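Please read the structure below before turning to the comments.
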2 protein chains.
Amino acid sequence: MTARLPARFTAPRAATLPPVSPRPTLRDVATAAGVHPATASRALNEATRSLVRPATVERVREVASALGYQVNPIARSLKTSRSETVGVLIPDLTNPLFPPIVRGIEDALGASGYTVLTANTDNDPARESSNFAAMQARQVDGFIVATARLDDPLMHEAALRGVPMVMVNRQTEQLDVSVVAGDDATGIARTVDHLVGLGHRDIAHVAGPLDVSTGAVRLRAFRTAMQGHGLPDDRVVVAEAYSEAAGRTASLELLDGAVPTAVVAGNDLLAIGSYDALEERGLICPDDVSIVGFNDMPFIGRLRPPLTSVRVPQYELGVEAARLLLDRLSGRTVTPRVVLLPVQLVVRGSTAPPRG
Amino acid sequence: MTARLPARFTAPRAATLPPVSPRPTLRDVATAAGVHPATASRALNEATRSLVRPATVERVREVASALGYQVNPIARSLKTSRSETVGVLIPDLTNPLFPPIVRGIEDALGASGYTVLTANTDNDPARESSNFAAMQARQVDGFIVATARLDDPLMHEAALRGVPMVMVNRQTEQLDVSVVAGDDATGIARTVDHLVGLGHRDIAHVAGPLDVSTGAVRLRAFRTAMQGHGLPDDRVVVAEAYSEAAGRTASLELLDGAVPTAVVAGNDLLAIGSYDALEERGLICPDDVSIVGFNDMPFIGRLRPPLTSVRVPQYELGVEAARLLLDRLSGRTVTPRVVLLPVQLVVRGSTAPPRG
DNA sequence: CCCGAGGCTGCAAGCGTTTGCAAGACTGGT
DNA sequence: ACCAGTCTTGCAAACGCTTGCAGCCTCGGG
């Protein structure tokens, strides 16, 4: 029996296109192939394909591609209550840190047929909750969360209930969810090594906000590294946010006391703020003060002076997070893992031996 | 009658949370409120609310919020074949031009209850087609497209068929879809005015690829502006892509002839490439050659020297694109519109009067 | 020759909503 | 008191797919 297509699909495309294109349905395929919709479904579905006779599979698939059939994911989701969709929560796409991460996530998930829903929370608990809820309503299969606020009750409860979730670039001890992040501690240690190697002894740290995990982690790493060199670990000022302005404020505070010969900034943005502060005080980088950033943002090497920074493999962070989530979704892995990706100190013009 | 909740919803949350949370369904709400699901649906639905007695509406809404009911968008989509979702196609999220645009889109659409699906195409026709198709399958209500390739047959046909679609940051004459972009022509004109005002007469243009609309538009604007000043308009070299490397190559080619006193780059990335080329040739910006960019990317003012550039309101571009699409989706506006947002020349340290 | 066991396929229910249709309850006018 | 019209609500059928269950057919062994 040859597959006969319903007239509406074989009709030649008129020069004046009809306003709406009726997508063929599974039933259309089934009748055209002379089988029951259930059989067509099984034939088209990877997992159930083995249940139907090879010849039938072949026929159905041919008809399906002839009709240009594509399964309707909505209907499928309704039935299976899975959506092949994951939600990605980030604070702000405009922050240069996140685009590469998101891109990595989309590439990795897309390769497995998943699509991603992103939302910006601006670290606002209300936005975060509503976005999270909206995504849950849309039946996302899991989450990748780049915002620290796991104290959000909704998210916290969801995590406890076993909603698949992996955190990226942020850590949390309170809950066992998978985490992928850069190896911040090592990055900071290398930074301090580098500065000490140049001859610096009076090294200060402009820390990021301590309620954000990276802020706390890097601060602790700084203290440890300094102690390891037998140097004072208390030259620390905490910025209120990971922003240029906060970095400037914090740095000015620092400069009001004894001026250190080197500053380890918790972040590239904070480092830029330090640039500003130095300029305001008439100090020159690196002649008077060396500065090191963190993240190695795009074009940061073209600043005046080029910023020495710790390169974090952001794209790979995203890819790895996606992979972890996929493992979890496929049921392969259940136990949470912590993956730390190696970072690399990129030395540029903002660090030099201390004057005199 | 007081609303009695089914036991499973009133059960106290155990310390050890159950692995899965059964979301209440419309039927649950209905029975709890003592009405038929259809009535509950109408009561909860903005548009049909007027059909049901106010007292009933009240009761249903109370029960709904008590149960924490949220409509299941999947089921609704299946029924209505609308999804409250729009697809956003961009070449590469990692290009600093796009995050603000996407953010603007998400903010504007999110405020109207829409969620967005983004995909990166890398300007690869194959990826573009498949992403587009996947989004169509997911029942997106419309598209915002930031990739130039409207020659894609799928997309072209969809546009002809009246699939709601707006293009951002790219133009096309061949099709009548709404477009929102920066006012490139004026931006280039202001740039040339600025340079001429500084005393430059020998001004060259490093154009972006001409098969991208911005490349062509800016080149045309450059020619027009130069002619307007009675200056030669043929000092043009076309870069192969909007990238640093392509900018460097094109600029080197330019510098191999008579060195101009000023360069109008089609793009900030191209301008950075020009920086590189200048440096290689031992020339100083702005002493030997002035350079102007386009887009005013983040931190571009912190380069060495700070780049004079044309600021494009990217976030607003996204917002406006979203607004246009929303208008279209709500049926308010049907005829395509072209919206050009004003740009602004930001003068910094990369432009100065010509030497001598 | 009969019977049990597989291998394929069809049947039908149901996922959670929306919505055309119709029935019941009122209202007011005559 | 009756009837037409208006409100309010219920009924049931979809939307397009998946899946447990059951039935059919075929085949090989006893």
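Keep in mind that this is a model prediction, so the values were computed, not measured. By convention in this document, chain letters (A, B, ...) are assigned in the order of the sequence lines, proteins followed by strands, and residues within each chain are numbered from 1.
A salt bridge (Lys or Arg N to Asp or Glu O under 4.0 Å) check over residues 64-74 of chain B, counting only residues at least two apart or in different chains, returns nothing.
Atom C1' of nucleotide D:dT9 and atom CZ of B:R49 are separated by 17 Å, given to the nearest angstrom. For A:L78 and D:dT18, the CG to P distance is 11 Å, given to the nearest whole Å. Taking atom CG of A:L44 as the reference point, atom C1' of D:dT18 lies 13 Å away to the nearest angstrom. We find that CD of B:Q139 is positioned 12 Å from C1' of D:dC17, with the value rounded to whole Å. Put simply, CZ on A:R27 is 7 Å from P on D:dC15, counting in whole angstrom units. The distance between atom CZ of A:R76 and atom P of D:dC15, rounded to the nearest whole Å, is 19 Å.
To the nearest 0.5 Å, the span separating CG on A:D141 from CD on A:E84 amounts to 6.5 Å. The line from CD of B:Q70 to CG of B:L44 is 11.0 Å long, rounded to the nearest 0.5 Å. A distance of 3.5 Å separates OG1 of B:T147 from CD of B:E128, quoted to the nearest 0.5 Å. Distance check, rounded to the nearest 0.5 Å: CG of B:L78 to OG of B:S83 gives 12.0 Å.
Listed by chain and number, the residues in a side chain to side chain contact (heavy atoms under 4.5 Å, CB included) with A:V35 are A:A30, A:A33, A:T39, A:A40, A:T56, A:R59, A:V60 (sequence neighbours excluded). In this structure B:T80 satisfies the side chain to side chain contact (heavy atoms under 4.5 Å, CB included) test together with B:R76, B:R82, sequence neighbours excluded. Not counting sequence neighbours, the partners of A:L117 by the side chain to side chain contact (heavy atoms under 4.5 Å, CB included) test are A:T85, A:M135, A:R138, A:V140, B:L117. B:E320 meets the side-chain hydrogen bond (donor to acceptor under 3.5 Å, both in side chains) test with B:R323; sequence neighbours excluded. Evaluation of the salt bridge (Lys or Arg N to Asp or Glu O under 4.0 Å) rule for B:R42 yields no partner, not counting sequence neighbours. Considering only residues two or more places apart in sequence or on other chains, B:D122 meets the salt bridge (Lys or Arg N to Asp or Glu O under 4.0 Å) condition with A:R103, B:R127. Checked against side chain to side chain contact (heavy atoms under 4.5 Å, CB included), B:R49 has the following partners two or more places apart in sequence or in another chain: B:E46, B:V57, B:R61.
Each end of the helix from C:dC1-D:dG30 to C:dT30-D:dA1 gets its own axis from five base pairs, and the two axes differ in direction by 60°, given to 10 degrees.
Each of B:P37 and B:A75 was matched to the nucleotide of DNA chain D holding its nearest heavy atom; the match closer to the 5' end belongs to B:P37.
At a non-hydrogen distance threshold of 4.0 Å, B:L51, B:V52, B:R53, B:T56 from residues 50-58 of chain B come into contact with DNA chain D.
Remark: A:T25 is not in phosphate contact with D:dG16, judged by side-chain N or O atoms under 4.0 Å from OP1 or OP2.
None of A:D92, A:N131, A:T94 except one satisfies the side chain to side chain contact (heavy atoms under 4.5 Å, CB included) rule with A:N120; the exception is A:D92. Of the residues listed (A:V166, A:I105, A:V180), the one engaging A:L325 in a side chain to side chain contact (heavy atoms under 4.5 Å, CB included) is A:V166, and it is the only one.
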What nitrogen or oxygen pairs link the protein and nucleotides 20-27 of chain D at under 3.5 Å?
from	atom 1	to	atom 2	distance (Å)
D:dG20	O6	A:R42	NH1	3.3

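The nucleotide range of DNA chain C contacted by chain B, defined by atoms under 4.0 angstrom from heavy atoms of the protein and reported 5' to 3', is C:dG16 to C:dG20.
Residue B:T80 is classed as a sugar-phosphate contact, given heavy-atom separations below 4.0 Å to backbone atoms only.
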